[in-house]
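Quantities reported herein were computed from a predicted structural model and do not represent experimental measurements. Quick note: numbers below take in every heavy atom, side chains included, and nothing from hydrogens, waters or symmetry partners.
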Amino acid sequence: MSATESTDRRHPRLDFDRYGPTYRESFQAITEHMHRQCPIAWTDRHDGYWVAAGNREVFELARCPYVSNDRDVDGVRSGYQGITIPSTNQAAIRNGILEMDDPEHRELRAVLNPYLSPAAVQRWIPFVDELVRAALDEKIATGRIDFVDDLANIVPAVLTLAMLGVPLRNWAVYSEPAHATVYTPPDSPEFERVHRMHQEMGLDLYTNLTEIRANPRPGLIHALATEATLGGEPLSDIDILGMLGLLIGGGFDTTTALTAHSLEWLSEHPDERVTLSRERDRLLDSATEEFLRYFTPAPGDGRTVNADVELAGARFAEGERLWLSWAMANRDPAVFDRPDTVVLDRKGNRHFSFGLGIHRCIGSNVARAVYKRMLVAVLDRLPDFRCLPEEAVHYETIAVIQGMRHLPATFTPGEPLGPGLTETLEKLQTVCDDQRLAEPVTVRKDAAQI
């Protein structure tokens, strides 16, 4: 194909930089423009890639066999760069099943399902409730809380470690780097410190992997180390660590982001908050899906086109990069009535916030369950909370996660219902060990006894 033909094929063009703060600040305007003018467009940013914003277009591309998630770290297949545009992961490690195509993806995902199915997650609800109770009790007498630091960072992190089989007391080793690596740009003065924390987290993960091999204990690490295969062969340490990195990244920051944005919105809409609390039996499920749609914690994913093909109204060439915007697809007026308004009782809410197709988020059951337990506890115990917008800190970019670093709030002080976080973590660790909570649901079906 000639250069002229190639240039003509890549149209319409859009100066689109999802990493820039302008995208977060002008998300609605950019989204509306793309829906009206160019549901698929080419941008020259980051060496050039396609951006898919229309709901129909994203749906078709996400489920298409000519679109690949593969990251070829060894350069032995296609040389594709996985789900990040531009590829920032310089280490020779894939982002778990999210950077694998079938049959590898299917082979490894099957090992994880018994730990992350709806029935498996339900067993953890008493554990989550006790953890949420302790986190709120740490602050409830003071009348002030940071919903990010004091609640939404803690609960998903501790639960994820429990499911992995990592000691709960180590949650802080994982929590800060898991979030900071998302919101700290490479040119930040903080980048080196964050990188060192990330290395410390990786070392702790590898230490746990080694310990579990020598002295088995239940959890996802044990499953990956003893049951998982790729091409019929046991996983390498690198592939295990890549899978664990995906579980941590998906388990921590996305749920934190959804919780923070929901509580901020409910603070700004106190009448809706009262209605949601009063009618939670009717509204909790639909409100959860609506907050997922509206705030889309993980706004999009990268792909690579694996054949010269015409799809969704565009002509793609093999090797070209593509970004699927779940967030923009979730605001398409062709599918959603009043797409830029939160409608707590929205019906037929087929949002794309957990992705689509074979790579749909395997942790969606965990995310929904943990989010709902945190939200209900806040509505019950801090019913008059008021977030402080002047002290809230949003991520500068929503390129990877639409998150928040801080969300301080005030409320009428109350009384603690039990021990604080440190003592509760010790108790929950004993529960995990004695009841072997991290076994797959095929082995253990009973809920945690707290």
Side-chain angles (χ1 to χ4, degrees), residues 62 67-74 77-78 80-85 87-117 120-121 156-157 159-161 163-166 174 177-179 181-182 198-199 201-206 208-209 212 219-255 297-298 300-304 324 326 354-367 400-401 438 440:
V67 173
S68 172
N69 282 50
D70 184 39
R71 183 163 188 260
D72 181 13
V73 294
D74 298 317
R77 296 184 301 279
S78 57
Y80 295 163
Q81 297 180 341
I83 64 166
T84 303
I85 302 175
S87 181
T88 57
N89 185 350
Q90 301 304 315
I93 185 168
R94 287 190 284 185
N95 194 16
I97 56 175
L98 200 50
E99 293 193 321
M100 298 177 185
D101 292 334
D102 281 345
E104 285 186 320
H105 166 270
R106 181 174 59 249
E107 183 179 8
L108 183 50
R109 189 180 183 110
V111 177
L112 306 178
N113 286 331
Y115 296 84
L116 300 169
S117 69
V121 173
L159 175 63
T160 302
L161 294 194
M163 298 178 81
L164 291 176
V166 174
Y174 291 78
H179 298 293
T181 52
V182 172
H198 199 266
Q199 288 180 316
M201 181 185 80
L203 178 60
D204 193 80
L205 261 184
Y206 187 73
N208 277 277
L209 173 60
I212 289 169
L220 285 158
I221 292 179
H222 182 262
L224 291 167
T226 61
E227 302 173 33
T229 59
L230 284 179
E233 297 295 325
L235 260 63
S236 67
D237 287 355
I238 288 295
D239 278 327
I240 291 174
L241 292 173
M243 191 64 241
L244 294 175
L246 173 61
L247 292 169
I248 289 168
F252 283 33
D253 213 30
T254 52
T255 308
D301 279 323
R303 300 287 191 266
T304 307
L324 303 175
W326 316 124
F354 290 121
L356 287 167
I358 64 171
H359 290 95
R360 188 180 183 279
C361 176
I362 196 170
S364 61
N365 302 308
V366 180
V400 181
I401 299 292

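Annotation: side-chain contact (heavy atoms from CB on, under 4.5 Å) contacts of Ser117 (sequence neighbours excluded): Ala119, Ala120, Val441. Here Asp237 pairs with Arg213 under the salt bridge (charged side-chain N to carboxylate O under 4.0 Å, His left out) rule; sequence neighbours left out. With sequence neighbours left out, the side-chain contact (heavy atoms from CB on, under 4.5 Å) criterion links Val121 to Asn365, Val366, Ala369. Under the side chain to side chain donor-acceptor pair (under 3.5 Å) criterion, Tyr174 pairs with Asp204, not counting sequence neighbours. In this view, Glu107 and Thr229 satisfy the side chain to side chain donor-acceptor pair (under 3.5 Å) rule, not counting sequence neighbours. Residues passing the side chain to side chain donor-acceptor pair (under 3.5 Å) test with His105 are Asp102, Arg109, sequence neighbours excluded. Legend: residues meeting salt bridge (charged side-chain N to carboxylate O under 4.0 Å, His left out) with Asp301, ordered by chain and number and at least two apart, are absent. Legend: residues meeting side chain to side chain donor-acceptor pair (under 3.5 Å) with Asn113, ordered by chain and number and at least two apart, are absent. In this structure Ser68 satisfies the side-chain contact (heavy atoms from CB on, under 4.5 Å) test together with Asp70, Tyr80, Asp101, Asn306, sequence neighbours excluded.
Residues Leu230 and Leu235 meet the side-chain proximity criterion, which asks for heavy atoms closer than 4.5 Å. Here the side chains of Asn95 and Arg71 are not in contact, with every heavy-atom distance at 4.5 Å or above. Taking 4.5 Å as the limit, some side-chain heavy atom of Leu108 sits within range of a side-chain heavy atom of Leu224. Inter-residue side-chain proximity for Met243 and Leu112 is flagged as met; some heavy-atom pair is nearer than 4.5 Å.
The line from CZ of Phe354 to OG1 of Thr254 is 7.5 Å long, rounded to the nearest 0.5 Å.
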Please report, to 0.1 Å, the donor-acceptor pairs under 3.5 Å made by any side chain of residues 355-363, with sequence neighbours excluded.
unit_1	atom_1	unit_2	atom_2	d
His359	NE2	Met100	O	2.6
Arg360	NH1	Ser364	OG	3.3

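In this structure, Glu99 contributes its side chain and Ile83 its backbone to a donor-acceptor pair below 3.5 Å. Judged by distance alone, the side chain of Asn69 and the main-chain N or O of Leu98 form a donor-acceptor pair under 3.5 Å.
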